[in-house]
Amino acid sequence: MTKYATDVRIKLNNGLEIPAQGLGTVPPDGHPEAVKDQVLAAVKAGYRHIDTAWYYGSEKYIGQALQELFKEGVVKREDLWITTKVWPSYWHSPEKSLDTSLKDLQIDYVDCFLQHWPVCLHGGADGTPAEPRNDQGGLDYDDDPVTGTKFIDVYHTLEDILDNTNKVKSIGISNYSIPKLKQLLPKVKKHVPVVNQFEYHCQLPQKDLTDLCKKHNIVVIAYSPVGGPGAPVLKLPLVKKLAEKYDVSVNEIANAYHILEGRVSIPRSSNLERIKTTTKLPPLTSEELKELYEVGEANPTRYTNDEWGFGLGFRWWKGDVLSKEFD
Ligand SMILES: NC(=O)c1ccc[n+]([C@@H]2O[C@H](COP(=O)([O-])OP(=O)(O)OC[C@H]3O[C@@H](n4cnc5c(N)ncnc54)[C@H](OP(=O)(O)O)[C@@H]3O)[C@@H](O)[C@H]2O)c1
């Protein structure tokens, strides 16, 4: 019998269950409104998890889709898992960022609220500009990205929001490297993050970071499961071979790589047909999962190399002039 990735749930350290395949909502260039149809297509195809963020600029359109889905009776609010995130330039006011997201999404709580990056940028009261620049053209930081500790205060604010409001069901982190996670964990007041979201696919080995998360009962959410634009992961001969063997799409192999190992996968697509047909879970063997992992070990490749990731201690981060531990 066909098994569906969209039916799988993973238990979090707070007892809640997160759907193992979510829909990513970074919009296609210049077209945030396109995300409305993507959400409608995904939910009607069985997805129950939507991953978004204030930074993506698509929350208003997700809100419109949700209203339609609720009115048509396709799903109820409690059937969905919705994650949003506070961006580094909004680090000083996470609850204000959350309120903006909730208003745009037209809902009164999110299932998970993430700190988008352990970085503090010099944004104004409304979080803008999201990528502030100094006179030299570099990022304008409010705290040193290598030695600063304000990012921990941001996590504490998320804990306070969880404890003192009904606006979030759980809290988590994103783009936390091993050094940043090791700094945060002893300082957690009460709520260990339920998830850590970072780039992960079979071209990028992440076993050491995943093991650290596992040790602390933090579920890994893999972003860029096909490697982002151009979908380089899907061109790998091994991925194509497995898709043929199991009679599924290459996208379904890329998601199964995570879900079968207890990780969440959050692909995105502007192709509605692709969204609708990327739902199956092929039963890859442990030997096949190992072979896929070895592709990245042989030639590690990271596709997200944003400047705000400099200094966090991630390996293979192209252009990182701040992290010293790794090449
Ligand atoms: N926390 C963070 O900092 C962070 C960072 C990055 C992403 N994310 C989250 O993760 C989600 C997904 O990440 P992503 O957008 O980087 O990665 P992705 O899902 O790995 O890649 C999406 C890209 O792959 C293309 N694609 C997919 N299947 C294809 C196929 N069969 N043939 C050709 N092209 C194909 C899509 O094109 P089409 O549109 O044509 O399908 C799209 O351009 C985001 O939307 C966001 O929610 C989070």
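Indexing begins at 1, ligand by ligand and atom by atom, following the structure's order. Quick caveat: nothing in here was measured; it's all calculated off a predicted structure.
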Per-pair distances, ligand 1 N/O vs protein N/O, less than 3.5 Å:
{"from": "ligand 1", "atom 1": "1 (N)", "to": "Ser174", "atom 2": "OG", "distance (Å)": "2.9"}
{"from": "ligand 1", "atom 1": "1 (N)", "to": "Gln197", "atom 2": "OE1", "distance (Å)": "2.9"}
{"from": "ligand 1", "atom 1": "3 (O)", "to": "His116", "atom 2": "NE2", "distance (Å)": "3.4"}
{"from": "ligand 1", "atom 1": "3 (O)", "to": "Asn175", "atom 2": "ND2", "distance (Å)": "2.8"}
{"from": "ligand 1", "atom 1": "13 (O)", "to": "Ser224", "atom 2": "N", "distance (Å)": "3.4"}
{"from": "ligand 1", "atom 1": "15 (O)", "to": "Arg268", "atom 2": "NE", "distance (Å)": "2.4"}
{"from": "ligand 1", "atom 1": "16 (O)", "to": "Ser224", "atom 2": "OG", "distance (Å)": "2.7"}
{"from": "ligand 1", "atom 1": "19 (O)", "to": "Arg268", "atom 2": "N", "distance (Å)": "3.1"}
{"from": "ligand 1", "atom 1": "20 (O)", "to": "Pro225", "atom 2": "N", "distance (Å)": "3.3"}
{"from": "ligand 1", "atom 1": "20 (O)", "to": "Val226", "atom 2": "N", "distance (Å)": "2.8"}
{"from": "ligand 1", "atom 1": "20 (O)", "to": "Gly227", "atom 2": "N", "distance (Å)": "3.3"}
{"from": "ligand 1", "atom 1": "20 (O)", "to": "Gly228", "atom 2": "N", "distance (Å)": "3.0"}
{"from": "ligand 1", "atom 1": "24 (O)", "to": "Gly228", "atom 2": "O", "distance (Å)": "3.3"}
{"from": "ligand 1", "atom 1": "28 (N)", "to": "Asn251", "atom 2": "ND2", "distance (Å)": "2.8"}
{"from": "ligand 1", "atom 1": "31 (N)", "to": "Asn251", "atom 2": "OD1", "distance (Å)": "3.1"}
{"from": "ligand 1", "atom 1": "31 (N)", "to": "Arg274", "atom 2": "NE", "distance (Å)": "3.4"}
{"from": "ligand 1", "atom 1": "32 (N)", "to": "Arg274", "atom 2": "NH2", "distance (Å)": "3.4"}
{"from": "ligand 1", "atom 1": "39 (O)", "to": "Ser270", "atom 2": "N", "distance (Å)": "2.7"}
{"from": "ligand 1", "atom 1": "39 (O)", "to": "Ser270", "atom 2": "OG", "distance (Å)": "2.5"}
{"from": "ligand 1", "atom 1": "40 (O)", "to": "Arg274", "atom 2": "NH1", "distance (Å)": "3.3"}
{"from": "ligand 1", "atom 1": "41 (O)", "to": "Ser269", "atom 2": "OG", "distance (Å)": "2.5"}
{"from": "ligand 1", "atom 1": "41 (O)", "to": "Arg274", "atom 2": "NH1", "distance (Å)": "2.6"}
{"from": "ligand 1", "atom 1": "45 (O)", "to": "Thr25", "atom 2": "N", "distance (Å)": "3.1"}
{"from": "ligand 1", "atom 1": "45 (O)", "to": "Val26", "atom 2": "N", "distance (Å)": "3.0"}
{"from": "ligand 1", "atom 1": "47 (O)", "to": "Thr25", "atom 2": "N", "distance (Å)": "3.3"}
{"from": "ligand 1", "atom 1": "47 (O)", "to": "Asp51", "atom 2": "OD2", "distance (Å)": "2.8"}

Which pairs, with at least one residue in residues 257-284 and sequence neighbours excluded, count as a ring-ring contact (aromatic ring centres under 6.0 Å, His included)? Tyr200-His258

Applying ring-ring contact (aromatic ring centres under 6.0 Å, His included), which residue pairs with at least one partner in residues 268-288 are found, sequence neighbours left out? none

Of Thr52, Asp51, Asn175, which meets side chain to side chain donor-acceptor pair (under 3.5 Å) against Lys85? Asp51

Could you list the residues that satisfy side-chain hydrogen bond (donor to acceptor under 3.5 Å, both in side chains) with Arg274, not counting sequence neighbours? none

What's the separation between atom OG1 in Thr157 and atom NE2 in His92, rounded to the nearest 0.5 Å? 11.5 Å

Cation-pi geometry met for Lys96 and Tyr90 (6.0 Å, 45°): no

